[in-house]
Each structure stands twice: as C-alpha cells, then as structure tokens.
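Position 1 is the first residue of the sequence; numbering continues from there.
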Amino acid sequence: MARRPLPGILSNRPALHRGRELARFAADSATDVLHPVITITRGLRRQAAWLHRWWRTAPKDRRNTTLFITATALFLLALLPLGPILVGVSLMGSAAWAGRDRAGRPDGPGAAETIRLRSVYEALVPYLSAEGDPRPLYRHEGDWRHAFVSYDFEHGRLVSLRLRYPAYFTDGEPEARTRIEQLLHAKAGRGREYRFDWNEEENHLTLTALPPLPTTITAQRFVTAPGETILGFTDAATVQRTIPVRVGDTVRDAPPVAWRTGPRSTEPHLLAIGRPGSGTTTLLRSIALQALYHGDLLAIDGGGTGEYLFLSGRPGVLAVESGLAGALATLEWAAHETERRLIAVSRARQAGRPAPQDTRRPLWIIVDRPTGLSQLAHAEGRSDPQHLLEVPLRHGRAAGVAVAIGEQAECLDALGPAVPQHTRARVVLGAMTAAQTRAVLGTLPHTTPAAHTPPGRGYARLGDGPVHRLQVPATPDPYDEDTADFHRQAVLALLPTTAPQPVSMVKSPERGG
C-alpha cells in the first residue's frame, strides 16, 4: 500500500520554500477575494483619466454646460428616496465595466504605430498652429494623444483617423483643406483612396481608407424605375439604396448612382468629361442601351470612330450619324421635334386633355465629341452643331427629351455656353487635375484620386448634390475585335429585337376611365 505524501506545510523541505508557498497562496487567495474591488478601482481610475482628458480638450462653453447639466441631474436624484443608492450602483457598475480585463486588446498602439502617429502629428504642426496661441493643440514635441481622437490600423497601415484641429483654422477655404488632405494622403500611405469628412461645427476631421470600386460589373438589365438611368456604382455609405447586379455567375447587391430624367427632373441633361481611354464613350453606350428600353434614340459620333454602329437598324434607334452633314440634319430634326412636342403638350394642357401619345415616349440624344463636329463646320463655313443643341437643352425637360454629351478634357473650353449651362448632371472620368475636376463638377470631391484609374473610373455629381465615386459598368463596342466574347454577348443581349409598343396612359371607357 502506497504511502500518501505529507502536505507541503508539514513536509521536511526548508523553511524558505514553505514561506514562499505560503506567501504565494495568500496572494492568490487575496487576489481572488479582492478581484471585484481591484476591477472597480481600475475602472474608476480609467474613468477619471478619461474625464481629465475631456476636461482639458473640451471648449470652455461646453465644459460649463456639461457641468451645469450634471449638477442639476445629481440634485434631482438626491431628492428621490433611493436616488443616492441608484447613483452609487450605476457608478460602480460603469466602473466594473470600464475596469474589466481586456485580454487580447492592447491599451494603445504598438511601437511602429506610435511612430506613424507621431510622424503624422509633427507634419501637421506647421499647418495647424499659429503664433500667439497660449495652449497650442499642435506643437513640436507635443502630445499627439490630445489631437487624435481615434485611430485604426490594419496590417500596419493607417485605415482610419479622427483628429481635432484648432478653431482658428480656415476650414472654409478649399485651398486650406486641400493642403491638409494632400499631407494626410502622403503620410497615411499612397496607393489607396481616402475619404475626408470635415465637421466644421466640432472642428473634427475624419480620414477613412476606402476599398477600390469593383470593375467586374458588366452591361446588363438593371432594376430601375421609368426615367432612371444607372450611371455606375459607388460606395454603399453615400447612397440610400442598392440594386441586384450579376457578377459572373453570382448575384449581389451594389449601390448605384441613379440619374433621373423626365418632366420633374432637376438634372434632365448630362455632360461627361474625360481623357482619351477614360471610358466616356463607354458611359454613353451604357446610357444608350438603357434608354432603348423605354424610349427612342439619336446617336451622333463626333469622333467618327464608329463606336455606335452596333446600334444601327435596331428598333427604337432613329439615327446613328458620324458625318457632319448627317449630324446637322439629325440635330435640326431633333430641334424641330422638341418644339413640336413642346407645342403639343402646351395645347393639350390648355385644353384640359392629357399629353398626346407621341410626346410621352422619351427621346434621347447621345452626342459624343460635339467639338470635333464644330471644328469641321467652322472649316466648311456651315452652322455649328452645338447651336442646334440649344433647343433640346433649353426645352427638353418639358418635351421629354434628354441629352447626354461626352467630350474630352482638352476640348472643354470649346463647348458652347448652352452645354455647361443646361447640363446639371456631371461626370468626370479618368485622371484629371484638381482644376479640371472643379471646373466640371463645381467643387472638389471629398476623396483623393485613385492611384490606378481603370476605364470608367471617376466621379459623378447630380445637380448640387454630393460628389460620388463612380465606376461605369463595362460596356465595350461589340464590333471591336479586341472585345472579349463574354462582354460582346452581354452588350448584344441588351439590344432590342422587336419594335416596342407604346403604352397609353389614358384610361379606356371599358376600364372605368
């Protein structure tokens, strides 16, 4: 029969070892017993540190308001029968939550992340400090924790940063904002797109690294309402809807940039500007394929490259012209048709009747590179085709006529005054300078340009709305030899094969109209 060993305290080991075991046992027992007290004490210390930092960084008026509200709430709670007890229990509960062990979550940034944040902070000192400031938020060898509210790293790279800036910084001037954005773009790491959200009321700037927009969405039948045209796809946080799209063999939801036309639209016409190869013609082809589903189409190719010949002879396509003579005749007919529709709609309204049926079907005018035709007309001494576009641009909204114009950035100054005046839906594609982007969109986007600009990549702005990142669905010329067979079949499948029947909006007597 085996003999059981004696307890450690009664063994014959030296007294020093027994003393160490007793001390370790007492410490572990005290830690277990006093663990709630230690947790609450740690939480109270963290809450006090957070309150001290907030009190130092908050404006004086906000501190006074918060102090008054807190004192009033404590006074009202003191009048209740169990008010002090509730305050004590709430304070202990919040302290226990704040002081809990956070295993696996570091309390602060690592060594490399700290170096990166300090580098960003020191780079901002010349731009966000001023002489005579008694308590500068940004100063050399200062504490970056007072300026950076929150931050986030992913694989060692900065993906999110929220910083405070002094109230005297001129955040209302675009030039001042651009300097800060360019600096943060360089320090956070080039090769990615960043979004900058300025909060002028609270003097906060939030930098967010954006994922690249998908380029795998091809031309297809999109789920839209009548009068809606999908220009492309953007970030989910900037729009309020998604539509199902087919990407390969799967279907997923994507946030679209929807352009609305029609009599109630505030942006009835569109202007797309881009460099050669940026995807301007691709955007116009995508618009043309969507327009044929609900309306008739006129396509004018000012470049004369035959990018729209696949539309010839299709139902709903009234004309496809690339020469000067044919373009002038087509635009002259479009001007007369717009006037005819406008007169017919006006007479019907005066007589109290619905609009005639032949004025309800939308008419789309797609013009690619009108300045090229203008140069030819000037050389031959003929009328400028852009002058014929003035009538559809001015009165197309009431007559059900929508105009989409595409032009190269180098020829932006050659556009007639009526084109930029009446095209309130704007698209910029390709690598454009800040001055060109501002000239087209009216303002600069809140995001930095992409390091690599694929075809169809740019920005869109509808009227006075925000600027959206944009990726146009791939819509190549199906007659091009370099077009992949998958893309060719996708485009050809969208072309109508039978003439669409007009839909009457008048109720018949048999149906109770």
Side-chain angles (χ1 to χ4, degrees), residues 174 177-178 181 185 192-199 206-219 222-225 227-245 247 252-261 265-275 278-280 282-284 286-287 290 402 404-406 409 420 423-475:
R177 287 189 177 193
T178 302
E181 292 175 0
H185 182 199
R192 298 180 298 174
E193 292 183 77
Y194 297 92
R195 178 178 179 84
F196 297 94
D197 295 316
W198 292 83
N199 189 343
T206 304
L207 174 145
T208 307
L210 300 175
L213 293 177
T215 59
T216 55
I217 302 178
T218 59
F222 299 115
V223 180
T224 58
E228 283 188 346
T229 302
I230 301 301
L231 300 180
F233 297 90
T234 183
D235 301 302
T238 59
V239 294
Q240 300 179 355
R241 58 178 287 194
T242 58
I243 61 174
V245 296
V247 181
R252 62 182 181 86
D253 292 337
V257 178
W259 171 39
R260 295 173 178 83
T261 58
S265 172
T266 57
E267 303 89 20
H269 310 300
L270 178 136
L271 174 63
I273 302 295
R275 296 186 180 276
S278 60
T280 306
T282 298
L283 173 61
L284 295 182
S286 177
I287 293 175
Q290 298 179 63
I405 301 175
T423 52
R424 288 178 47 82
R426 303 291 182 88
V427 174
V428 173
L429 299 177
M432 303 276 286
T433 63
Q436 291 174 332
T437 303
R438 183 192 296 273
V440 178
L441 301 180
T443 184
L444 290 176
H446 295 289
T447 59
T448 57
H452 172 65
T453 308
R457 181 68 173 81
Y459 299 97
R461 188 186 188 194
L462 305 178
D464 298 329
V467 179
H468 300 282
R469 290 201 305 166
L470 181 71
Q471 179 62 52
V472 178
T475 315

task = For the pair T280 (side chain) and G406 (backbone), establish whether a donor and an acceptor sit closer than 3.5 Å, ignoring hydrogens and angles.
result = no

query = Between T261 and A402, which heavy-atom pair has the shortest distance, and what is it?
reply = CG2-CB, 4.3 Å

query = Hey, are the side chains of V467 and T443 touching, using non-hydrogen atoms and a 4.5 Å cut-off?
reply = yes

query = Considering only heavy atoms from C-beta outward, does the side chain of V239 approach that of H468 to under 4.5 Å?
reply = yes

ask   = Taking the side chain as C-beta and beyond, is there a heavy-atom pair between I230 and V257 under 4.5 Å?
value = no

ask   = Between the side chains of W198 and E181, is a donor N or O closer than 3.5 angstrom to an acceptor N or O?
value = yes

message = With a 4.5 Å cut-off on side-chain heavy atoms, are F222 and P473 touching?
response = yes

query = Pick from L270, I273, L271: which one makes a side-chain contact (heavy atoms from CB on, under 4.5 Å) with R426?
reply = L271

Gap separating the CG atom of L462 from the CG atom of L231, nearest 0.5 angstrom = 6.5 Å

ask   = Out of curiosity, Y459 OH to L444 CG, how far, rounded to the nearest 0.5 Å?
value = 9.5 Å

note = Closest non-hydrogen atoms of S286 and T475, given as atom of the first, atom of the second and distance, are CB-OG1, 3.6 Å

inquiry  = Determine whether a donor-acceptor pair (N or O, by modelled atom type, separation under 3.5 Å) exists between the side chain of T437 and the backbone of T433.
reply    = yes

request  = Answer whether the closest heavy-atom distance between the side chains of P256 and R241 falls below 4.5 Å.
outcome  = yes

message = When you measure from the side chain of Q436 to the backbone of V428, do you find a donor-acceptor pair of N or O atoms at a distance under 3.5 Å?
response = no

note = CD (E193) and NE2 (H452) are apart, to the nearest 0.5 Å, by 11.5 Å

task = Mind listing the closest non-hydrogen atom pair of W259 and P268 along with its distance?
result = CZ2-O, 3.4 Å

message = With a 4.5 Å cut-off on side-chain heavy atoms, are R438 and P174 touching?
response = yes

task = Scan side-chain atoms only and decide if R192 and Y194 contain a donor-acceptor pair under the 3.5 Å cut-off.
result = yes

ask   = Got a sec, which residues hit side chain to side chain donor-acceptor pair (under 3.5 Å) with E267, two or more places apart in sequence or on another chain?
value = none

inquiry  = Test side chain to side chain contact (heavy atoms under 4.5 Å, CB included) on R457 and L470; report intermediate values, then the result.
reply    = CA-CA 6 Å; R457 181 68 173 81; L470 181 71; 5.7 Å; no

request  = Check whether any side-chain heavy atom of D235 sits under 4.5 Å from a side-chain heavy atom of L213, and report yes or no.
outcome  = yes

Heavy-atom side-chain proximity of P454 to Q471 below 4.5 angstrom = yes

key: Spatial distance of atom CG (L441) from atom CE (M432) [nearest 0.5 Å]   = 8.5 Å

query = Under 3.5 Å, is there a donor-acceptor pair between the side chain of T234 and the main chain of R469?
reply = yes

query = Residues in side-chain contact (heavy atoms from CB on, under 4.5 Å) with T208, at least two apart?
reply = T206

ask   = Does P214 offer a backbone N or O that forms a donor-acceptor pair with the side chain of T216 under 3.5 Å?
value = no

ask   = With the threshold set at 4.0 Å, does a side-chain nitrogen-carboxylate oxygen contact exist between D464 and R424?
value = yes

ask   = Taking only residues two or more places apart in sequence or in another chain, which ones pass ring-ring contact (aromatic ring centres under 6.0 Å, His included) with F196?
value = none

message = Could you check whether any side-chain N or O of R461 sits under 3.5 Å from a backbone N or O of P466, counting only pairs where one atom can act as donor and the other as acceptor?
response = no

